[in-house]
Amino acid sequence: MLPTEKEHPKTPCYVMEEEKLRYNLSLIKDVAQRSGAEIILAFKAFALWKSFPIFREYIKSSTASSIFEARMGYEYMGSSTYTFAPAYKEDEFDEILKYSDHIVFNSLSQFQKFYPLVQSYGGTHSCGIRINPEYSTVGTDLYNPCAPGSRLGVLSSQLPQELPEGIDGFHFHSHCESNSYDLEETLKHVEEKFGKYLPELKWLNMGGGHLMTHAEYDVEHLITLLQRFKEKYPNLTLILEPGSAFAWQTGYLKTQVLDIVENSGIKTLIIDGSFTAHMPDCLEMPYQPRVRGAEIGAFPEKGYVYRIGGNSCLSGDFIGDWTFPQEVKIGDIVLFEDMIHYTTVKTTMFNGIPHPSIAIKHTDGTFEIYRSYGYEDYLNRMC
């Protein structure tokens with residue numbers, strides 16, 4: 001029996017909402033069908049494999065960045081993956097080949113080292129090179145793979161006049177929660193620097209960061225852009241591999257207020273979750289997540305202002321201020337919105353703080369607990 005609405009998962013818990021997920025998947029499937037491009041799931045942003053049966057109703061493939069992701073895609077998405085890693089290890093490469101049908105190399109030296117193994121494996125894999133168009137609209141260097149000195153991708157000046165035999169495609173990634181007009185500008189730089197090679201290739205992977213499920217994203221412009229690029233290069237299969245777009249605004253992190261402390265006029269809600277352990281991307285980016293029923297920022301004229309702090313010993317385990325319309329009390333529930341993409345794949349068990357459970361809220365309003373974590377999970381991470 002699935003728990004009912006009254007049996008809502010205990011805190012802390014990540015809750016993915018199936019109805020919102022299916023909306024995103026339907027939109028992405030429509031874009032793929034109308035544009036002619038292949039849109040695949042990037043595990044680096046979303047890897048809740050128990051939900052993959054839902055994904056398989058809408059998409060066929062996935063992209064991996066490690067041996068574990070490649071195996072997960074093969075076993076749980078039910079198809080070989082598009083695999084890219086900054087560097088491959090010799091003792092893992094046979095397994096990478098087992099789980100992948102496309103292999104992308106980050107450098108010519110890596111391609112030259114491993115391509116003979118690809119050939120000896122049977123020659124059924126398609127190989128590509130990651131390129132760096134030296135252009136990106138991403139403002140945060142931590143998330144900008146095209147920043148000066150980046151270790152990711154081959155520069156146009158580093159490629160020979162003729163590509164080595166065995167390179168079927170190019171892969172670039174220069175976006176982060178970006179729009180279709182960013183992609184349009186990026187493609188101009190790709191053509192400017194790598195255009196002479198494009199007629200020779202079989203595919204072009206445009207990477208991730210295409211936030212097509214955002215309410216303000218111009219989906220029609222994206223479809224037209226991809227169609228026109230395909231008309232220009234009919235030899236190319238166009239591939240997009242967003243992660244965030246699939247799980248964008250599809251769920252929340254449910255927490256509970258354990259205590260309220262005050263210092264220098266600042267009231268802080270201490271929750272049974274943690275930014276550093278359970279929402280690390282909030283500190284990395286940084287960005288302040290929406291809290292259901294509250295307004296981001298300090299507006300004492302509108303209500304009650306609180307800072308929210310995590311239950312770890314890290315002094316910086318807090319983010320900004322929120323204004324609540326009513327006074328918050330110990331025991332109240334705090335829901336952090338949009339906590340499924342990236343958040344769930346970056347969590348830790350820092351300080352031994354209990355890890356949030358993971359659940360899905362089905363379209364009928366019932367909850368299914370995908371996974372709960374206990375003491376043994378913490379111990380097994382240590383040794």
Distance-only, no hydrogens or angles: does the N132 side chain make a donor-acceptor pair with backbone N or O of G153 under 3.5 Å? no
Work out which heavy atom in A42 is nearest to a heavy atom in T63; give both atom names and the distance. CA-CG2, 3.2 Å
Regarding R22 and Y58, do their side chains bring together a donor and an acceptor under 3.5 Å, going by distance alone? yes
Do V219 and H221 make a side-chain contact, defined as non-hydrogen atoms from C-beta onward lying under 4.5 Å apart? no
Could you give me the CA-CA distance, side-chain angles and deciding distance for K29 and E57, then say whether salt bridge (Lys or Arg N to Asp or Glu O under 4.0 Å) is met? CA-CA 10 Å; K29 181 179 179 179; E57 296 177 31; over 6 Å; no
Ignoring hydrogens and angles, state whether a donor on the side chain of D272 or T255 is under 3.5 Å from an acceptor on the partner side chain. no
Within 45° cone of F84 ring axis and under 6.0 Å: R130 NZ or CZ: yes
Parallel, tilted or perpendicular: ring planes of H341 versus W248, cut at 30 and 60 degrees: tilted
Under the 6.0 Å and 45° cation-pi test, does K302 pair with F299? yes
Check the angle between the aromatic planes of Y74 and Y99 and answer parallel, tilted or perpendicular using the 30° and 60° thresholds. tilted
All heavy atoms of T81 vs all of G73, minimum pair found to be CG2-CA, 3.8 Å
Go through the steps for K361 and E368 under the test salt bridge (Lys or Arg N to Asp or Glu O under 4.0 Å), then give the verdict. CA-CA 7 Å; K361 181 180 180 180; E368 177 185 357; over 6 Å; no
Are any side-chain N or O atoms of H125 and backbone N or O atoms of D101, one a donor and one an acceptor, separated by less than 3.5 Å? no
Give the ring-plane orientation class for F105 versus Y88, where under 30° counts as parallel, over 60° as perpendicular and anything between as tilted. perpendicular
For the rings on F93 and F114, is their centre-to-centre separation under 6.0 Å? yes
So, are R381 and D377 salt-bridged, with charged N and O less than 4.0 Å apart? no
Answer yes or no on whether R371 is positioned over the face of Y373, meaning its NZ or CZ is under 6.0 Å from the six-membered ring centre and within 45° of the axis. yes
Evaluation steps, salt bridge (Lys or Arg N to Asp or Glu O under 4.0 Å), between K44 and E241: CA-CA 10 Å; K44 67 178 182 178; E241 51 175 44; 5.9 Å; no
Look at the side chain of S79 and the backbone N and O of K60, then say whether any donor-acceptor pair between them is shorter than 3.5 Å. yes
Among E185, E191, E184, whose salt bridge (Lys or Arg N to Asp or Glu O under 4.0 Å) with K188 holds? E185
Backbone N or O of H278 within a donor-acceptor pair of the Y14 side chain at under 3.5 Å? yes
Side chain to side chain contact (heavy atoms under 4.5 Å, CB included) with D259: which of I330, N311, I271? I330
Is there a donor-acceptor pair closer than 3.5 Å between any side-chain N or O of S136 and the backbone N or O of S174? yes
Neighbour count >12 (heavy atoms, 6.0 Å) for atom CD, E162: no
Is there a salt bridge (Lys or Arg N to Asp or Glu O under 4.0 Å) between D30 and R34? Walk through the geometry before answering. CA-CA 6 Å; D30 181 65; R34 293 170 59 197; 3.1 Å; yes
